[in-house]
Enquirer: 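Sharing a structure below in structure tokens format, with a few things to ask.
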Amino acid sequence: MRVETWERKSEVPLTLLALAFLVAYAWPILDPRMDADIRTSLNLATWTIWAAFAVDLAMRLWLADRTASYALHHWYDVALVVLPMLRPLRLLRLIALVRILDRSATTSLVGRTAVYLAAAASASVGLGSLAILDAERGAHGANITTFGDAPARRSPRWATGTATRSPARGGRWPWS
């Protein structure tokens with residue numbers, strides 16, 4: 001079997017797993033009063049899905065003619081598997097969804113660019129909002145306490161440390 005054959009056969013299952021990961025990651029953030037057993041099950045699901053992506057990468061590396069070259073060319077897939085073990089960037093696991101969409105979208109450069117732009121913009125706003133909400137919800141004095149409050153803070157100005165709306169005029173600002 002060749003790498004291309006493996007990628008075609010694993011495409012749909014990996015897409016479904018990436019979407020399942022998104023649900024398992026987002027649900028506990030959106031529902032902080034979730035039952036502890038459900039929270040534990042979702043955490044187990046995220047690690048199981050990560051393991052599936054690790055097996056996929058290992059299989060692709062094994063099938064590749066030149067393993068080192070393949071790993072360098074697919075550095076984002078390697079980061080997807082390696083970085084979660086280090087735990088600093090949990091959201092990098094979702095890069096797999098963009099990779100899978102890229103495989104199935106089109107072979108033209110315009111089609112691939114459109115897929116990347118749409119996926120990156122949507123993921124940036126949605127996942128950034130989840131991360132902001134996750135960090136801010138429990139902070140003392142925080143005023144970003146719902147998912148609806150969080151997207152407003154995903155502007156470049158907020159990322160550099162300045163609020164886009166003045167707190168004096170009722171805007172939302174990060175606390176932690």
Side-chain angles (χ1 to χ4, degrees), residues 7 9-61 74-104 115-116 118-156 158-159 161 163-165 167 170-176:
E7 288 176 344
K9 288 183 177 186
S10 63
E11 183 174 21
V12 171
L14 290 176
T15 301
L16 295 174
L17 285 174
L19 292 173
F21 174 82
L22 180 60
V23 170
Y25 172 76
W27 190 0
I29 296 170
L30 296 173
D31 184 8
R33 295 180 302 258
M34 172 183 291
D35 181 64
D37 290 339
I38 295 174
R39 185 177 300 275
T40 301
S41 296
L42 291 173
N43 189 39
L44 178 63
T46 62
W47 282 108
T48 303
I49 292 166
W50 172 83
F53 283 112
V55 167
D56 171 62
L57 177 63
M59 193 66 182
R60 288 187 286 134
L61 290 172
H74 295 87
W75 62 268
Y76 44 86
D77 290 329
V78 175
L80 174 78
V81 171
V82 173
L83 289 177
M85 289 176 59
L86 303 175
R87 303 291 290 176
L89 300 171
R90 288 177 62 183
L91 293 178
L92 281 181
R93 293 184 207 169
L94 293 174
I95 290 175
L97 182 59
V98 175
R99 171 72 178 126
I100 292 164
L101 288 172
D102 173 54
R103 281 190 218 155
S104 63
V115 167
Y116 273 113
S122 299
S124 176
V125 171
L127 297 174
S129 297
L130 281 172
I132 290 169
L133 179 60
D134 192 27
E136 294 291 319
R137 180 179 276 146
H140 176 71
N143 69 354
I144 298 175
T145 58
T146 67
F147 187 72
D149 295 339
R153 302 287 42 107
R154 285 288 302 140
S155 70
W158 178 82
T164 57
R165 291 182 284 163
R172 303 284 184 197
W173 64 93
W175 188 258
S176 57

Enquirer: Tell me the closest heavy-atom pair linking Val23 and Pro28, and the distance in Å.
Expert: O-CD, 4.4 Å
Enquirer: Ignoring hydrogens and angles, write down the donor-acceptor pairs under 3.5 Å from the side chains of residues 30-39, residues two or more places apart or on other chains.
Expert:
{"from": "Asp35", "atom 1": "OD2", "to": "Asp37", "atom 2": "N", "distance (Å)": "3.2"}
{"from": "Arg39", "atom 1": "NH2", "to": "Pro32", "atom 2": "O", "distance (Å)": "3.1"}

Enquirer: For Val78, what residues pass the side-chain contact (heavy atoms from CB on, under 4.5 Å) criterion, not counting sequence neighbours?
Expert: Leu57, Ala71, Val82
Enquirer: If you take all heavy atoms of Asn43 and Thr46, which pair is closest and at what distance?
Expert: O-OG1, 2.7 Å
Enquirer: What orientation do Trp47 and Trp50 show, parallel under 30°, tilted 30 to 60°, or perpendicular over 60°?
Expert: perpendicular
Enquirer: Working to the nearest 0.5 Å, report the span between OG of Ser10 and CE of Met59.
Expert: 9.5 Å
Enquirer: Listed by chain and number, what are the side-chain contact (heavy atoms from CB on, under 4.5 Å) partners of Ala45, not counting sequence neighbours?
Expert: Ala24
Enquirer: Distance from Lys9 atom NZ to Leu14 atom CG, nearest 0.5 Å?
Expert: 14.0 Å
Enquirer: Please report the interatomic distance CG(Leu17) to CZ(Phe53), rounded to the nearest 0.5 Å.
Expert: 5.5 Å
Enquirer: Can you name the nearest heavy-atom pair linking Phe21 to Ile49, along with the distance?
Expert: N-CD1, 3.5 Å
